[in-house]
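Here's the structure we're looking at; comments come further down.
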Amino acid sequence: MNSSNVFSLDKQIEDIKAYLGDSSDIKVRDLTTANDSKISLLYIDGIVDIPSIQEHIMDPILNKSFPISQDRTLSKQIQSVVEITTLTEIETVEEAGTKLLDGCTIILNEQGKDILVAQTEKWENRAVTSPKGQRAVEGPDIGFTESMSTNIALIRKIIKNPKLTVETKVYGKNTNTSASLIYLKGMVDEEILSTIKQKLEEISLKTVLGSNYISEYLTKESQSFFPLVLNSDRPDVASGAILEGRVCIIVDGSPYVLIAPALFYQFFQSSDDYHISSQSLKLVRPMRFILFWIAAYMPAFYIAITTYHKGLLPVNLLIGFLAQQEAVPFTALWELLLVLILTGAIFEASSRLPQAVIVTISLFGAIVFGQSSIEAQIVQPITLAVVSSSFILSSIVPIASMGYAARFLKFGLVLVGALLGLYGLALVTLALLVHLCSLRSFGVPYMSPLAPFKWVDISRDVFTRKPIPTTDKGIPIFHKEEQMEDTSEERK
């Protein structure tokens, strides 16, 4: 494609249309000014604001008299009458094609020296509604949408600070998806910011359809199933992270914002933690941590004890287990895996199928799968009780991505418990601790402030939360490993 200047109005139009594959939704409107100058408008139907084009571009060009001056080109004369806020000049056909895809209107003139771009985009967007991923009992009830500009505005509404910085770039060779980096100057860690920027610069994806495309690229070196980037659809959560010195990445088309660095304890925090008293929170947050691990280990302990360590059970309970097991044709492991898989299938189906089918799936799962499978002696009642209890307990985690990690962990622990019993589970637990402590989220220890251990940070806002007046000091709770010692001393 020729990228040089073109000086024929018809040739300009042909070249731009050819660059976009001669798409039928490219509209051309030819205009003649009062002094017989030829001007053409190009836009893509459906992604532009037609009334704005009519009122602020076409009407002024057709009805206003152009100032006559030999020193002014036709392009400059058009700029003097067009009433669009953002009007820029470009020179190449490729730039014109890209701007058209962004919803802009291209203004060509017969002199052909400059191509004008008027910002007239109007995309169909979902209205701002309640967040779907992170619902809260108290606090604001506004969620992000698929519009990047709306999401940035929601954050700016909360953080009215001149140091709030937004940097936008385009990613994906085929999709040209815009993504914005948002941080607070003076608060953000420059080294972490530089690392994230460098990783974003290296993105060579052809397709970026959502925030997870960026998230997986940023953490592609990690083989862990634990999430190293937090995603949230709540403006208050994203704003809180920015005020703590973290970096947010907003991807156009995704209602979930990426937050980095992300630490393990963050996935157990809910936005309404900051809208109830710190005293009420003393029980809730520790319960989330404890129940998460109980949910992950419960099926594995069940299979390990009933397979290898029956002596640990009370006699009456053991007799009951053995009596139930005699009635079913499968071993405890296959029985447990069957129930786990079917429970996961019901969860996936109820999460993604149309609303009208969810009731049917829930009733089918509860009655047919639950009651009928016991009556048909396919599974034991205790197996259903263990799996359903584990599923309910794991649902207490506020962030969905950690819930998926719990499910993966649960399957792995069940297999280890079936093969090696409690000794195997002890070894896996040790390996899991080492793995968690070795993880880094953009240079920050994933398990901090537990490992490395810093009581000052733990007591501030991890398992419990101090009253807000004592924590509102603008000090980030996360630190890179080499900074932790110094920062702890400063706080004392």
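A quick note: this is a predicted structure, and the numbers were derived from the prediction, not measured. Scope of the values below: all heavy atoms of this structure, side chains included, with no hydrogens, waters or symmetry mates.
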Quiz prompt | Donor-acceptor under 3.5 Å (Ser441 side chain, Val444 main chain) | solution = no
Quiz item: Under 6.0 Å between the ring centres of His309 and Phe301?
Solution: no
Quiz item: Hey, does the side chain of Asp25 reach the backbone of Ile44 with a donor-acceptor pair shorter than 3.5 angstrom?
Solution: no
Quiz item: Do other residues, nucleotides or ligands put more than 12 heavy atoms under 6.0 Å from the NZ atom of Lys122?
Solution: no
Quiz item: How are the rings of Phe264 and Phe226 set to each other: parallel, tilted or perpendicular (split at 30° and 60°)?
Solution: perpendicular
Exercise. Only pairs at least two apart or in different chains count here, so list each ring-ring contact (aromatic ring centres under 6.0 Å, His included) that has a residue in residues 189-208.
Key: none
Quiz item: Is the backbone of Val414 close enough, under 3.5 Å, to the side chain of Tyr302 for a donor and an acceptor to pair up by distance?
Solution: no
Exercise. Indicate yes or no: at least one non-hydrogen side-chain atom of Asp233 is less than 4.5 angstrom from one of Gln134.
Key: yes
Exercise. Report the residues that fulfil ring pair (Phe, Tyr, Trp, His ring centres under 6.0 Å) with Phe408, sequence neighbours left out, ordered by chain and then residue number.
Key: Phe225
Quiz item: Any donor-acceptor pair under 3.5 Å linking the side chain of Asp461 with the backbone of Lys466?
Solution: no
Quiz item: Under 3.5 Å, is there a donor-acceptor pair between the side chain of Gln380 and the main chain of Val328?
Solution: no
Donor-acceptor contacts under 3.5 Å from residues 204-215 side chains, at least two apart:
from	atom 1	to	atom 2	distance (Å)
Ser211	OG	Ser254	OG	3.1
Ser211	OG	Tyr256	O	3.4
Asn212	ND2	Glu216	OE2	3.0

Quiz item: Can you tell me if Asp102 uses its side chain to pair, donor with acceptor, with the backbone of Cys104 under 3.5 Å?
Solution: no
Quiz item: Among side-chain atoms of Tyr183 and Glu167, is any donor-acceptor pair under 3.5 angstrom?
Solution: yes
Quiz prompt | Validation row: Val237, Ile259 side chains within 4.5 angstrom (heavy atoms) | solution = yes
Quiz prompt | Partners meeting side chain to side chain contact (heavy atoms under 4.5 Å, CB included) with Glu201 (sequence neighbours left out) | solution = Lys169
Quiz item: Does a side-chain heavy-atom distance below 4.5 Å link Arg285 with Tyr265?
Solution: no
Self-check item: Enclosure of Trp334 CH2 (heavy-atom neighbours >12, cutoff 6.0 Å)
Solution: no
Quiz item: Nearest heavy-atom pair of Met447 and Leu436: which atoms, and what distance?
Solution: CG-O, 3.4 Å
Quiz item: Just checking, is any N or O donor in the side chain of Ser130 or Asp141 under 3.5 Å from an acceptor N or O on the other one?
Solution: yes
Quiz item: Any side-chain heavy atom of Ser448 sitting closer than 4.5 Å to one from Asp457?
Solution: no
Self-check item: Residue pair Phe347 / Arg407, side-chain heavy-atom distance below 4.5 Å
Solution: yes
Quiz item: Would you call the rings of Tyr297 and Trp293 parallel, tilted or perpendicular if under 30° counts as parallel and over 60° as perpendicular?
Solution: tilted
Quiz item: Is a donor on one side and an acceptor on the other found under 3.5 Å between the side chain of Ser23 and the backbone of Leu20?
Solution: yes
Quiz item: With a 3.5 Å cut-off and no angle check, do the side chains of Tyr446 and Ser224 form a donor-acceptor pair?
Solution: no
Quiz item: Counting distance only, does the side-chain N/O of Arg234 pair as donor-acceptor with the main-chain N or O of Ser271 below 3.5 Å?
Solution: no
Quiz item: Got Asn151 and Thr145 here, is their nearest side-chain heavy-atom distance under 4.5 Å?
Solution: yes
Quiz item: Are side-chain heavy atoms of Phe330 and Ile378 found at a separation under 4.5 Å?
Solution: yes
What pairs of donor and acceptor atoms, side-chain ones from residues 391-405 against any protein atom, are under 3.5 angstrom apart with sequence neighbours left out?
from	atom 1	to	atom 2	distance (Å)
Ser394	OG	Ser390	O	3.2
Ser394	OG	Phe391	O	2.9
Ser395	OG	Phe391	O	2.9
Tyr404	OH	Arg352	NH2	3.4

Exercise. Flag the pair Leu312 / Leu422 as yes when at least one side-chain heavy-atom distance between them is below 4.5 Å, and no otherwise.
Key: yes
Quiz item: Salt-bridged, Glu221 to Lys199, with N to O below 4.0 Å?
Solution: yes
Quiz item: What pair of heavy atoms forms the shortest contact from Arg156 to Val166, and how long is it?
Solution: NH2-CG2, 3.7 Å
Quiz item: Quick check: does any side chain N or O of Arg465 sit under 3.5 Å from a backbone N or O of Asp273, one acting as donor and the other as acceptor?
Solution: yes
Practice problem: List for me each residue that meets ring pair (Phe, Tyr, Trp, His ring centres under 6.0 Å) alongside His275, sequence neighbours excluded, and say none if there are none. | Solution: none
